[in-house]
Amino acid sequence: MHDLRYLRDHLDTLRAQLGPRGADIAWDDLRNSLEDRRNLTIKIEQTRHEIKKFSDEIGRLMREKKAADAEKLQETQGMRTMVPEIGAQEEQLRAIEQQVSNVALRIPNLPHSSVPVGSDSSGNKEERRWGEPQQFSFKPKTHWEIGENLGILDFDRAAKIAGARFAVLTGAGARLERALINYMLDLHTTQHGYREVLPPLLVNRSSMTATGQLPKFEEDLFRLRDEDYFLIPTAEVPVTNLHRDETLAENALPIRYTAYTPCFRREAGSYGKDTKGLIRLHQFNKVELVSFAKPDQSYEELERLTSHAEAILQDLGLPYRVVTLCTGDMGFSAAKTYDIEVWLPSQNHYREISSCSNFEGFQARRANIRYKGTGGKKDTKSEFVHTLNGSGLAVGRTVVAILERYQQPDGSVTIPEVLRQYMGGMERISKA
RNA sequence: GGAGAGGUGGCCGAGUGGCCGAAGGCAACGGUUUGCUAAACCGUCGUAGGGGCAAAACCUCUACCGAGGGUUCAAAUCCCUCCCUCUCCGCCA
C-alpha cells in the first residue's frame, strides 16, 4: 500500500507513474474520499476538543461538590447535542475510511526506475545466462514420461486421490524431492546466512492482506470453509508476517530467513496451461528466501538474494538465465523482480524456477514493519523496512529440470553430485 | 468441547467512572560524584495522526491501556461481541 498522505498530495503523479498498472483504479473516487476524510477528521477533532474541555470542567466541579454548577454546564454548553453529532460524524468517517482502503489496498506498487516498461513477458529484459543447454544424442523425453517410466511419478493415482494438478512421488522420486529440500536449506543456512523457519501453512486474513494477496487476489487462494483461514500460496506470507506490527533494531538488519513449505494455489484462470507434469500444481514444495533490509541497502540485497538462488542451480549444473520482469509482467506488490528461468530440454526453452523481488516499503507499510536506530542516539525516527523474497528454489520444478537435464538414453537419470549425500549415495535412478 | 483466570508503556506492575498517557520498579539514555569498576544521586525516557511552520527545533490538538462496538457530559475502569494467553477437565498426533 502507498502512504495515504503521499497519495493525497501526489495522486496524479502516482497515477501517471503507474500508467496501465493503475488502469482499473477509481482514482477520482479516491481523491474525493481522501479529501473528505481529512476535512471530517479535522472537524471531529475540534468537536471532541470542545467536549473534552467541558467534561474536564464538569469533573472539576463534581470534585468540588458543586453538582448544581456541573449540571448547569452540561445543559448550557450544548453537550447533549454535540455528542450525537460526533457520533454521526464518526460513523461517516468510518465509511469514508472503508472507501479509502477499498481503493488504496488495490493500488499496485510502483516499479523501480530500473524496470523496463512493457505490457507482457515479451518486454522482459534478459540480464545474463549461465551454462549451456546440453546437446542430446537422442530426442529428450518430457519429465513426466521419464518419471512415469521410472515409476517415481504417478499422476493417475494423484488424480484419483485429489484431482487434476496434483502429483504423487514415490520411491527415488520422493527421495529426490526430500533431498533437494534438505540440500537447499542446508546451503542457505550454512553458506548464505539465513535462519531456518518452519511456519504455519494456514494463515489469517490479516497476514494475507499484509503481503498483498488480499483483498485483490482472493480467488487465487484456497480458503477453509468454516474458518477464516487460507492455505499459504508461498512461505513469503507467514515468514514476512513474522515481524508484522514490530519495530526492528536497525543494527539487526538485514534479517534473513529461509523456509521450506508446501504451497497451495487455486490456479484459477490457468486452465489448459501446463496441464501435464509437475510444472503447475495446486500443491508444490518450495524453499523460500525472505529478507528484511534497510531501504538504502535493499537493492544490493536483491542482487545478493538472487545470487543465492542462482547458487543452487549452479551447484546442480542446470543452465539458466536471469530476466528482469517488465512493468506489465510484474506482480502486484513488487517494485522490481528478477525471474530465474531454468532450461528445460523437452520444451526447448527457459521456464521460471524462481522469482526474486524487492517490495520496498509496500508490504512493510501494510504489515507495519518498521526499524529504528538503537544505542541511545537521540530520537532516530522509525521507518518502514524494505521486504524482499525469492524462491530458492521451487522444488518441484527443480525435479523437472533434473529429470530432463540428466536423463540418459536408457531412460535412467543420473543424480547431480551435490545431492548424492542426501540420497544415501545413490548415483542414478533406474527402473526399479 | 466444558470450567475458570487474565491481556496496561521495552519489561515487571499499580490503577473499578472525572485531577490518568497512565503511580512505582527494572532496563535504557544524558549528567554529577568516583583511582577503575560498582554503587549513589539528578535528569530524560511510548507510538501514530492532524494543525501551526518553507523546514527543523518547537508549540498545539486528537487518538491509542488486546480488537471492535455500546452506555455516559466524561471510560484503562461499566456493558456487549470477537481475538489471544494461561490453568484444570475431556479429546488427540
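Values below: all heavy atoms of this structure, side chains included; hydrogens, waters and symmetry mates excluded. Numbers restart at 1 for each chain; the letters A, B, ... are given by sequence-line order, proteins then strands.
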>> For a quick check of understanding: with a heavy-atom distance under 4.0 Å over all strands, which category does A:Arg48 fall into, base, sugar-phosphate or nothing?
In response: sugar-phosphate

>> Can you measure A:Asp9 atom CG to B:A55 atom P for me and round it to whole angstrom units?
In response: 11 Å

> Among B:A48, B:G50, B:G70, which is the nearest nucleotide to the side chain of A:Glu45?
Replying inline: B:G50

>> Measure CG/A:Asn39 against C1'/B:G51 and give the value in whole Å, please.
In response: 13 Å

> Nearest of B:G69, B:G18, B:U47 to any side-chain atom of A:Ile58?
Replying inline: B:G18

> Checking all strands, does A:Arg205 fall into the base, sugar-phosphate, or nothing category for heavy-atom contacts under 4.0 angstrom?
Replying inline: nothing

> Paired with B:C36: which nucleotide, if any, by Watson-Crick or G-U wobble criteria at under 3.5 Å for both distances?
Replying inline: none

> A:Glu97 has an atom CD; how far is it from atom P of B:A63, in whole Å?
Replying inline: 14 Å

> In terms of side-chain heavy atoms of A:Arg63, which of B:G18, B:G51, B:G70 is nearest?
Replying inline: B:G18

> What distance, rounded to whole Å, do you find between the two P atoms, one in B:C73 and one in B:U87?
Replying inline: 43 Å

> Using atom C1' of each nucleotide, how far apart are B:A75 and B:G69 to the nearest Å?
Replying inline: 14 Å

>> OP1 or OP2 of B:G17 versus the side-chain N and O atoms of A:Ser55: is any pair under 4.0 Å?
In response: no

>> Using heavy-atom distances to pick each residue's nearest nucleotide on RNA chain B, tell me which of A:Lys52 and A:Tyr229 is more 5'.
In response: A:Lys52

> Is it true that A:Glu218 and A:Arg205 have a side-chain N and a carboxylate O under 4.0 angstrom from each other?
Replying inline: yes

> What does B:C58 pair with, Watson-Crick or G-U, if both distances are under 3.5 Å?
Replying inline: B:G52

>> Heavy-atom nearest nucleotide on RNA chain B for A:Met62 versus A:Arg5: which residue maps closer to 5'?
In response: A:Met62

> So, A:Arg280 and A:Glu267, do they make that salt bridge, N to O below 4.0 Å?
Replying inline: yes

>> Which nucleotide, if any, forms a Watson-Crick or G-U wobble pair with B:A5, using both distances under 3.5 Å?
In response: B:U85

> Taking the C1' atom of each, how far is B:G70 from B:U77, in whole Å?
Replying inline: 15 Å

> Is there a donor-acceptor pair closer than 3.5 Å between any side-chain N or O of A:Asn109 and the backbone N or O of A:Ser333?
Replying inline: yes

> Tell me: CG of A:Leu7 to P of B:G49, nearest whole Å?
Replying inline: 14 Å

>> Is the ring pair A:His188/A:His192 parallel, tilted or perpendicular, if the boundaries are 30 and 60 degrees?
In response: tilted

> Given the P atoms of B:G46 and B:C29, what is the spacing between them in whole Å?
Replying inline: 16 Å

> Hey, is the side chain of A:Arg60 poking within less than 4.0 Å of OP1 or OP2 on B:A74, counting only N and O atoms?
Replying inline: no

>> When the P atoms of B:G7 and B:A93 are compared, how many Å lie between them, rounded to an integer?
In response: 35 Å

> Which nucleotide in the list B:G69, B:A74, B:G50 gets nearest to the side chain of A:Val83?
Replying inline: B:A74

> In whole angstroms, how far is the P atom of B:U71 from the CD1 atom of A:Ile86?
Replying inline: 13 Å

>> Determine whether a donor-acceptor pair (N or O, by modelled atom type, separation under 3.5 Å) exists between the side chain of A:Arg106 and the backbone of A:Asn102.
In response: yes

>> Rounded to whole Å, please give me the gap between CG in A:Leu40 and C1' in B:G50.
In response: 13 Å

>> Rounding to an integer number of angstrom, what distance separates B:A55 and B:A74 when you compare their C1' atoms?
In response: 39 Å

> What does A:Ile42 touch in the nucleic acid at a heavy-atom separation under 4.0 angstrom: a base, only the sugar-phosphate, or nothing?
Replying inline: sugar-phosphate

>> For the C1' atoms, the ones on B:C20 and on B:U8, what distance do you get once it is rounded to whole angstrom?
In response: 12 Å

>> Counting only Watson-Crick pairs (N1-N3 plus N6-O4 or O6-N4) and G-U wobbles (N1-O2, O6-N3), all under 3.5 Å, who is the partner of B:C29?
In response: B:G43

> Does the ring center of A:His282 lie less than 6.0 Å from the ring center of A:Phe222?
Replying inline: yes

>> Need the pair for B:C65. Rule: Watson-Crick or G-U wobble, both distances under 3.5 Å, any strand; none if unpaired.
In response: none

> Between B:U47 atom C1' and A:Arg370 atom CZ, what is the distance in whole Å?
Replying inline: 8 Å

> Which one is paired to B:U72, where only Watson-Crick or G-U wobble pairs with both distances under 3.5 angstrom count?
Replying inline: none

>> Any side-chain N or O of A:His49 below 4.0 angstrom from OP1/OP2 of B:C61?
In response: no

> A:Glu50 has an atom CD; how far is it from atom C1' of B:C61, in whole Å?
Replying inline: 12 Å

> Has the side chain of A:Thr189 got a donor or acceptor atom that lies under 3.5 Å from a matching backbone atom of A:Asp186?
Replying inline: yes

> According to the Watson-Crick and G-U wobble definitions, with both distances under 3.5 Å, which nucleotide is paired to B:C19?
Replying inline: none

>> Can you tell whether the side chains of A:Glu85 and A:Lys43 come within less than 4.0 Å, N to carboxylate O?
In response: no

> If we take the C1' atom in both B:G18 and B:A28, what is their distance in whole Å?
Replying inline: 34 Å

